[in-house]
K.L.:
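First, the structure itself, so that you have it in front of you.
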Amino acid sequence: MKNISLNTILEKDNLTKKDIVSLLSLKDPLDFKLLYQKADDVRKEYCGDEVHLRGIIEFSNYCDQHCLYCGLRLHNTGLERYRMTKEEIINAAHFIYESGIRTIVLQSGEDHKFDCKEIEEIITAIKKDLDVAITLSTGEREFYEYKRWKDAGADRYLLKHETANPKLYSVYHQGDELDERIEHIKYLKSIGFQVGSGNIIGLPQQTIKDVANDILLLKELDVDMCSISPFIPSQNTPYRNEENGDINLVLRTMAVARIVLRNSHIPATTALATLGSDGREKGLDVGANVIMPNFTPQPYKEKYLIYENKARTDSDPKIFVKQLHKLIESVGRKVGNTKGHSLKVKEEA
Ligand code: 5AD
């Protein structure tokens, strides 16, 4: 692209869909550099230099869904399933707190047998013991369940829209509808959750226009956080022989999302680090301001196989957190020491 026209796009206050498609379609590494620099400037202006750490506990790998790309899908009989006990989950939350992290992410497959009350009790217990924010990432549940968990003290909910293309959404999710997913995201927001969403890049049949629509949907939903990650083919799924998502397209999408969304939190994802050992640094350079280290204890951690070879972090998460501190400082940034709430709501001390 001619630099004059690229600079004209990058200087606009509001990008059109056509602009977004042009940016996502860039081919020249020199153009990538200009795009990434702009994203980094926007990140600095709207989010500052802090990188927020969120400790994840993957507390159940049971899932009732059939997503064609995901290793946790119900029909993957090759996966040994587990549910952590309430006590194990609360212990893991304490461990995260002792590592200096002030957000606990409780993540699982869509496991309806992990009932509402049990999750409510876990939220209550963690909130009673620890001064932390809690993010839930447990898939689509009943609306009354979201409300009970919000009332118990959960702060945030992460529910990715996965793809903004309604036809592909229904293909990947065996007939489920994108509109319904969006209703859930809107409801979560309406009851006061800080809401995270996001998409997967490089799923079969997806086009650049679909990815542009992902960014526009995230903008329309006014998400507090968005996770943009590459598709990684997973054994024992119908998409096992498909190709990885293109890491450069993921980086461009993160950069454009940063420019369009301005102050939404954006993580440098584990999936990005799985595709390249410097994936996290690259993510931090193109607009990311969050990293989510995995604190799932053994023997469970290696069974949460959304895809294989999930970036192997050091077996001791405390050592991994130290490495993350070094990494964050090495790229000239600071580790956040607050709960790192949404930048769209006033941060409490
Ligand atoms: N590659 C990348 N991300 C995936 N997810 C599921 N399967 C894959 C895959 N093969 C993500 C989805 C889902 C979450 C559980 O993990 O975004 O919401």
Side-chain angles (χ1 to χ4, degrees), residues 54 56-76 78-79 81 105-112 114 135-141 156-165 168-169 171-174 176 178 180-182 184-185 188 195-206 210-211 214 217-218 221 223 225-247 249-251 253-254 257 266-276 279 283 292 294 296 300-301 303-311:
R54 327 287 201 197
I56 305 190
I57 307 167
E58 297 156 333
F59 65 89
S60 162
N61 70 350
Y62 281 87
C63 189
D64 297 332
Q65 291 298 327
H66 306 86
C67 311
L68 295 184
Y69 46 78
C70 185
L72 301 189
R73 66 199 307 269
L74 180 65
H75 288 148
N76 180 3
L79 182 67
R81 305 283 172 164
V105 183
L106 299 176
Q107 187 162 78
S108 67
E110 224 167 278
D111 180 7
H112 293 268
F114 219 112
T135 302
L136 300 174
S137 174
T138 54
E140 278 182 37
R141 300 283 298 227
R156 309 180 191 139
Y157 206 100
L158 172 56
L159 187 63
K160 291 172 77 167
H161 70 268
E162 314 282 18
T163 175
N165 178 325
L168 290 182
Y169 186 96
V171 172
Y172 303 146
H173 304 110
Q174 308 235 285
D176 282 359
L178 176 64
E180 199 175 327
R181 186 72 151 196
I182 292 174
H184 280 248
I185 295 171
L188 287 162
V195 167
S197 194
N199 57 307
I200 307 179
I201 309 249
L203 286 165
Q205 300 174 55
Q206 200 181 45
D210 293 330
V211 179
D214 284 323
L217 178 59
L218 291 165
L221 294 169
V223 291
M225 178 269 206
C226 72
S227 169
I228 294 166
S229 56
F231 164 67
I232 301 177
S234 177
Q235 272 172 34
N236 302 321
T237 66
Y239 287 164
R240 63 186 163 277
N241 295 324
E242 301 290 338
E243 286 191 13
N244 282 335
D246 170 4
I247 189 160
L249 178 57
V250 177
L251 294 171
T253 309
M254 289 171 69
I266 301 182
T269 63
T270 302
L272 194 59
T274 300
L275 286 192
M292 302 169 75
N294 189 350
T296 309
Y300 308 121
K301 188 175 184 177
K303 299 191 175 107
Y304 201 81
L305 282 181
I306 291 177
Y307 45 80
E308 291 72 35
N309 306 320
K310 242 168 77 184

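For this chain, numbers begin at 1 and follow the sequence in order. These figures come from a predicted structure and were not determined experimentally. Just follow the structure's listing: the first ligand is 1, and inside any ligand the first atom is 1.
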K.L.:
Any Lys/Arg nitrogen of Lys301 or Glu58 sitting under 4.0 Å from an Asp/Glu carboxylate oxygen of the other?
P.N.:
no
K.L.:
For Tyr157, which residues count as a side chain to side chain donor-acceptor pair (under 3.5 Å) partner, sequence neighbours excluded?
P.N.:
Thr138
K.L.:
Does Gln174 CD have over 12 foreign heavy atoms under 6.0 Å away?
P.N.:
yes
K.L.:
Kindly write out the residues that satisfy side chain to side chain donor-acceptor pair (under 3.5 Å) with Gln65, not counting sequence neighbours, or none if the list is empty.
P.N.:
Glu110
K.L.:
Sort out the contact shell of ligand 1: every protein residue with a heavy-atom distance below 4.0 Å, listed by chain and number.
P.N.:
Tyr69, Cys70, Lys160, Glu162, Ile200, Pro230, Phe231, Ile232, Ile306, Tyr307
K.L.:
Residues two or more places apart in sequence or in another chain: which of them pass ring pair (Phe, Tyr, Trp, His ring centres under 6.0 Å) with Tyr300?
P.N.:
Tyr82
K.L.:
To the nearest 0.5 Å, tell me how far Glu162 CD sits from Cys70 SG.
P.N.:
8.5 Å
